[in-house]
Amino acid sequence: MNHTQSLQFDELKINTDLVNKGLGYAEGAIPEPFAGYLENVWNDCRQLADIRGGFHIQEEVEFSENKRSFFTGGVEFKAGKQICKELLNAEKLAFFICTAGKTISEKSSLLLKGEDPVLGFVYDVMGSAIAEAVGDKIQETIEQQMTLSGDKITNRYSPGYCHWNVADQHKLFSFFEEKPCGVSLTESALMSPIKSISGVIGIGKKVFYREYQCNLCNLKTCVYKSVSSSKR
Ligand code: SF4
């Protein structure tokens with residue numbers, strides 16, 4: 001099963017905590033020129049027409065004996081102990097791909113390299129927040145659909161995070177048509193547009209949603225660490 005949807009900026013719940021932290025300030029303490037830039041960028045984002053998200057359901061999943069890999073569709077994902085522990089009771093999986101789109105990704109990198117790096121940085125932070133907000137929306141859609149059959153879902157997990165090798169992104173993309181939601185992969189498994197996220201969600205009667213278990217992880221750049229959200 002494949003599901004994709006286009007989304008408008010105004011229907012997304014942007015995590016302002018994520019935006020503030022990305023900019024390096026506490027809520028309500030954003031100084032100029034960032035505050036003014038943020039307002040302009042926020043308004044500009046209302047014009048974005050390429051925000052998209054989608055998911056694919058795999059109806060079966062198995063785990064390796066050492067509980068460090070999961071298998072589905074004949075493909076092994078070396079997601080590691082931490083993620084496999086969360087997925088362990090899953091009967092199905094949802095692979096997802098979400099993007100803030102090419103427009104904001106290109107705008108931020110152009111500005112960062114050229115005429116206004118500060119404005120480029122604000123677009124960059126907002127692009128990340130949009131991609132996560134699309135992730136929240138897709139997660140919500142999956143949850144609503146699965147509730148109909150009495151299933152629950154886990155939190156979402158992405159290659160490159162929680163000790164899951166980013167190279168597995170190629171395997172994840174193999175479950176979608178070419179360029180799902182307009183997103184492609186480089187050889188080194190980076191997504192283009194850059195403001196995109198992908199990952200997996202466990203589904204089943206015995207799984208449950210848990211906060212990320214970050215106490216033993218030192219990935220300082222992780223957007224999920226210590227960030228509150230509507231869902232988390
Ligand atoms: S900080 Fe937490 S969510 Fe981020 S990679 Fe580490 S364990 Fe995963």
Side-chain angles (χ1 to χ4, degrees), residues 12-27 53 55 61 63-64 66-70 72 76-90 93-100 105 121 124-143 152-173 183 185-186 188-204 207-232:
L12 298 174
K13 211 168 180 181
I14 301 293
N15 186 330
T16 51
D17 192 23
L18 196 62
V19 175
N20 296 334
K21 284 202 169 113
L23 292 176
Y25 297 99
E27 185 142 23
F55 64 87
V61 54
F63 294 85
S64 63
N66 64 11
K67 310 282 186 278
R68 287 173 188 266
S69 294
F70 65 84
T72 186
E76 178 180 13
F77 288 85
K78 294 181 179 173
K81 208 169 144 187
Q82 187 177 342
I83 295 175
C84 285
K85 190 176 160 197
E86 302 300 323
L87 299 178
L88 206 54
N89 291 317
L93 298 173
F95 290 124
F96 64 85
I97 293 173
C98 303
T99 185
S105 300
F121 175 58
D124 182 86
V125 168
M126 187 60 94
S128 300
I130 292 173
E132 289 302 331
V134 180
D136 290 342
K137 199 89 183 164
I138 289 297
Q139 193 165 340
E140 213 178 281
T141 305
I142 296 169
E143 187 170 31
K152 290 180 280 183
I153 65 167
T154 65
N155 207 336
R156 59 177 188 262
Y157 300 94
S158 299
Y161 290 90
C162 311
H163 314 290
W164 186 0
N165 193 323
V166 75
D168 270 6
Q169 201 128 245
H170 284 289
K171 298 177 189 169
L172 191 154
F173 269 65
V183 181
L185 270 188
T186 64
S188 50
L190 293 178
M191 285 180 280
S192 173
I194 197 159
K195 295 299 167 190
S196 304
I197 60 169
S198 72
V200 68
I201 292 171
I203 300 164
V207 300
F208 55 95
Y209 181 94
R210 272 217 312 169
E211 298 289 329
Y212 295 107
Q213 304 298 299
C214 305
N215 10 353
L216 296 175
C217 178
N218 56 8
L219 186 62
K220 295 200 171 47
T221 54
C222 180
V223 291
Y224 303 115
K225 193 165 198 161
S226 311
V227 169
S228 60
S229 87
S230 51
K231 177 74 191 169
R232 289 180 200 110

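Index from 1, following the sequence. Atoms within each ligand, like the ligands themselves, are counted from 1 in listed order.
When every heavy atom of Gln139 is checked against every heavy atom of Ile153, the shortest pair comes out as O-CD1, 3.6 Å. Of all non-hydrogen atoms in Gly22 and Phe121, the two that sit nearest each other are O-CZ, 3.2 Å.
Counting protein heavy atoms only, atom 6 (Fe) of ligand 1 is closest to Cys217 SG, 2.3 Å. Among all non-hydrogen protein atoms, the one lying nearest atom 2 (Fe) of ligand 1 is Cys214 SG, 2.3 Å.
Close approach to Cys162 involves these atoms of ligand 1, each under 4.0 Å from a residue heavy atom: 3 (S), 5 (S), 7 (S), 8 (Fe). Taking every heavy atom of Gln82 and a limit of under 4.0 angstrom, the matching atoms of ligand 1 come to 7 (S). The distance from ligand 1 to the heavy atoms of Tyr212 drops below 4.0 Å at these ligand atoms: 3 (S).
The shortest distance between side-chain heavy atoms of Glu86 and Val207 does not fall below 4.5 Å.
At a heavy-atom distance under 4.0 Å, only backbone atoms of Gln213 (N, CA, C or O) approach ligand 1.
Among the atoms of Cys222, none of the N, O or S atoms falls under 2.8 Å from atom 2 (Fe) of ligand 1.
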- Given the rule in the side chain to side chain donor-acceptor pair (under 3.5 Å) test, do Ser128 and Lys195 qualify, once you have shown the distances and angles that lead to the verdict? CA-CA 6 Å; Ser128 300; Lys195 295 299 167 190; 2.9 Å; yes
- For the pair Phe208 and Asn89, evaluate side chain to side chain contact (heavy atoms under 4.5 Å, CB included) and give the outcome as yes or no after the intermediate values. CA-CA 9 Å; Phe208 55 95; Asn89 291 317; 5.9 Å; no
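Under the 30°/60° scheme for interplanar angles, the aromatic rings of Tyr212 and Tyr157 are found to stand perpendicular.
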